[in-house]
2 protein chains.
Amino acid sequence: MEAALNEKIDAFLHLKGLRRTAQRDVIIEAAFGTKEHFTADELWEMAKSIDPATSRATLYRTLNLLVESGLLREIDLGRDQTCYDPNFVEHPHHNHLICLNCRRVVEFEDPHLEVLGDCITRRLGFIPSTKGVRIEADCEEFRTTGTCSRRE
Amino acid sequence: MEAALNEKIDAFLHLKGLRRTAQRDVIIEAAFGTKEHFTADELWEMAKSIDPATSRATLYRTLNLLVESGLLREIDLGRDQTCYDPNFVEHPHHNHLICLNCRRVVEFEDPHLEVLGDCITRRLGFIPSTKGVRIEADCEEFRTTGTCSRRE
DNA sequence: GTTTCTGCAAAGGTTTTGCAACAAA
DNA sequence: TTTGTTGCAAAACCTTTGCAGAAAC
């Protein structure tokens, strides 16, 4: 596991008076050992490949902790289950483009969007903070052929 | 019910070989009788105030039909349940700003964002279509006082 | 008349939780 | 030793579905 991440987790746990356990370490290792988005169940599979004894209850509890700490973020990919994004530690300002047809997700950053988003936010009387912009679109293949080979 | 909406629903039902029933009308009336976003359960309450006999099963089935027809849109407000937005019939291009603290939602439109969003979409190899941009922020009260009176 | 729709109750799937044993600090 | 954690099984929750009777076309 990356050293910076490790420290952040220690800091969060200590601040909250929580404990570092072997089970949590396994789940954290699984969650941040990938750059892919995942569901709770997908994470469970990944964690079990590290420690087959990983329990669902602990996984859900740890997942909520990681979200609360800000290290992991829930994102809406239009799937039935909640998805989690482990990439905000390395890229705190990234956004998502989602193909409404095949559900493919592309992460991107754009300075103009950053500025414009802040403008709009202020205009509406809010103060910009964590800003997660999501764009929905159709992929080229879908528009051209009417379907998409990546479709689920 | 608005005449234009009525026609759109008729057209959709006819196209699909589906039937117009009293139960569906009640649910449609409830859904488009408000400009607020709602969950399935909130819609159930609204529908029951028109017809107390409204059943959950029919409500869920009709809800899925309305989403399929494009008249109603699922939106992610960061709540536990799926929320639905009845305002896309009147404002097909609106976006949402969501306060991460109190979950307040503001709808807005912005021509610059429209253009920039299309640009980004094309740059990433996609073709712009239904574009729903979502911005997350903190409301002023939260930033200033550390909490927010609207918080759930 | 034929086909779709409704409503009930049951099932399905995900996430949370009470509790007793266990482990970290 | 104190307090937090785990894992099981059960519960809670939202949503979907099979089926028989009812309604639309």
Side-chain angles (χ1 to χ4, degrees), chain A residues 6 9-31 37-48 50-69 72-84 152, chain B residues 6 9-31 37-48 50-69 72-84 152:
Chain A
N6 217 349
I9 289 167
D10 267 344
F12 173 75
L13 292 177
H14 194 260
L15 183 71
K16 288 268 182 178
L18 304 175
R19 289 170 187 175
R20 184 131 205 179
T21 65
Q23 291 92 331
R24 281 179 183 162
D25 276 344
V26 166
I27 293 164
I28 290 166
E29 198 180 324
H37 309 133
F38 51 77
T39 62
D41 224 57
E42 287 163 355
L43 180 59
W44 193 43
E45 292 302 327
M46 297 191 283
K48 278 194 297 185
I50 301 173
D51 177 2
T54 304
S55 95
R56 260 204 179 88
T58 300
L59 183 125
Y60 276 109
R61 285 190 274 232
T62 304
L63 216 31
N64 289 337
L65 276 184
L66 291 173
V67 169
E68 197 192 331
S69 77
L72 209 57
R73 285 255 277 272
E74 291 187 7
I75 55 172
D76 174 37
L77 301 183
R79 295 170 59 176
D80 298 340
Q81 290 161 259
T82 305
C83 283
Y84 298 87
E152 287 168 0
Chain B
N6 216 348
I9 289 168
D10 267 344
F12 174 75
L13 291 179
H14 194 262
L15 183 71
K16 288 269 182 178
L18 304 175
R19 291 168 186 176
R20 184 129 205 181
T21 65
Q23 290 91 333
R24 281 180 183 162
D25 276 345
V26 166
I27 293 163
I28 290 166
E29 198 181 324
H37 309 133
F38 50 77
T39 62
D41 224 56
E42 287 163 354
L43 180 59
W44 194 43
E45 293 301 327
M46 297 192 282
K48 278 195 296 186
I50 301 174
D51 176 2
T54 304
S55 94
R56 259 204 180 88
T58 300
L59 183 126
Y60 275 109
R61 284 190 274 233
T62 305
L63 216 31
N64 289 336
L65 277 183
L66 291 174
V67 169
E68 196 191 331
S69 76
L72 210 57
R73 284 254 278 273
E74 291 187 5
I75 54 171
D76 174 37
L77 301 183
R79 295 170 59 176
D80 298 339
Q81 290 160 259
T82 305
C83 283
Y84 298 87
E152 288 169 359

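Side chains are part of it too, since the values below use all heavy atoms of this structure and drop only hydrogens, waters and symmetry mates. Chain identifiers are assigned alphabetically (A, B, ...) following the order of the sequence lines, protein sequences preceding nucleic acid strands; residue numbering begins at 1 within each chain. Small disclaimer: the values here were computed from a predicted structure and weren't measured.
- As rounded to whole Å, 10 Å separates atom P of dT6(C) from atom CG of D25(B).
- Across all their heavy atoms, Y60(B) and A40(B) have their closest contact at CE2-CB, 3.6 Å.
- A straight line from CZ of F12(B) to P of dT4(C) spans 14 Å, rounded to a whole angstrom.
- Nearest heavy atoms, F38(B) versus A31(B): CE2-O, 3.5 Å.
- Tested against K48(A), the residues V26(A), L43(A), T54(A) include a single side chain to side chain contact (heavy atoms under 4.5 Å, CB included) partner, T54(A).
- In this structure, CG of L18(B) is placed 14 Å from C1' of dT6(C), rounded to the nearest angstrom.
- Along DNA chain D, the stretch of nucleotides lying under 4.0 Å from any heavy atom of chain A spans, 5' to 3', dT3(D) to dC8(D).
- D10(A) contributes atom CG, which lies 11.5 Å from atom CG of L18(A) (distance to the nearest 0.5 angstrom).
- Near DNA chain D, defined here as any heavy-atom distance below 4.0 Å, the residues from residues 58-65 of chain B are Y60(B), R61(B), N64(B), listed numerically.
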Restricting to nitrogen or oxygen on both sides, can you table the protein-nucleotides 22-24 of chain C pairs closer than 3.5 Å?
unit_1, atom_1, unit_2, atom_2, d
dA24(C), N3, R19(A), NH1, 3.0

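- Going from atom OG1 of T21(A) over to atom CG of L13(A) covers 8.5 Å, rounded to the nearest 0.5 Å.
- In this structure, H37(B) and E42(B) approach most closely via the heavy-atom pair O-OE1, 4.0 Å.
- Annotation: side chain of L65(A) is in contact with side chain of R24(A) (closest heavy-atom distance under 4.5 Å).
- R20(B) places no side-chain N or O within 3.5 Å of a backbone atom of I9(B) that could act as its donor or acceptor partner.
- Every salt bridge (charged side-chain N to carboxylate O under 4.0 Å, His left out) that R56(B) has, sequence neighbours left out, goes to D41(B).
- By the salt bridge (charged side-chain N to carboxylate O under 4.0 Å, His left out) test, E74(B) is found to be paired with no residue, residues two or more places apart in sequence or in another chain being considered.
- Between the CD1 atom of I27(A) and the CG atom of L63(A) there is a distance of 8.0 Å, given to the nearest 0.5 Å.
- Regarding contacts with the backbone of dG13(C), every side-chain N or O of Q81(A) stays at 4.0 angstrom or more from both OP1 and OP2.
- Residues D51(B) and T82(A) each lie close to DNA chain C; by heavy-atom proximity, the contact nearer the 5' end of the strand is made by D51(B).
- For the helix from dG1(C)-dC25(D) to dA25(C)-dT1(D), the end axes, each set by the C1' atoms of five terminal pairs, are bent relative to each other by 40° (nearest 10°).
- Here dA21(C) presents its P atom at 18 Å from CD of Q23(A), a figure rounded to the nearest Å.
- From L77(B), atom CG reaches atom OG1 of T82(B) across 10.0 Å, with rounding to the nearest 0.5 Å.
- Partner of Y84(B) under the side chain to side chain contact (heavy atoms under 4.5 Å, CB included) criterion, chosen from T39(B), L66(B), V67(B): V67(B).
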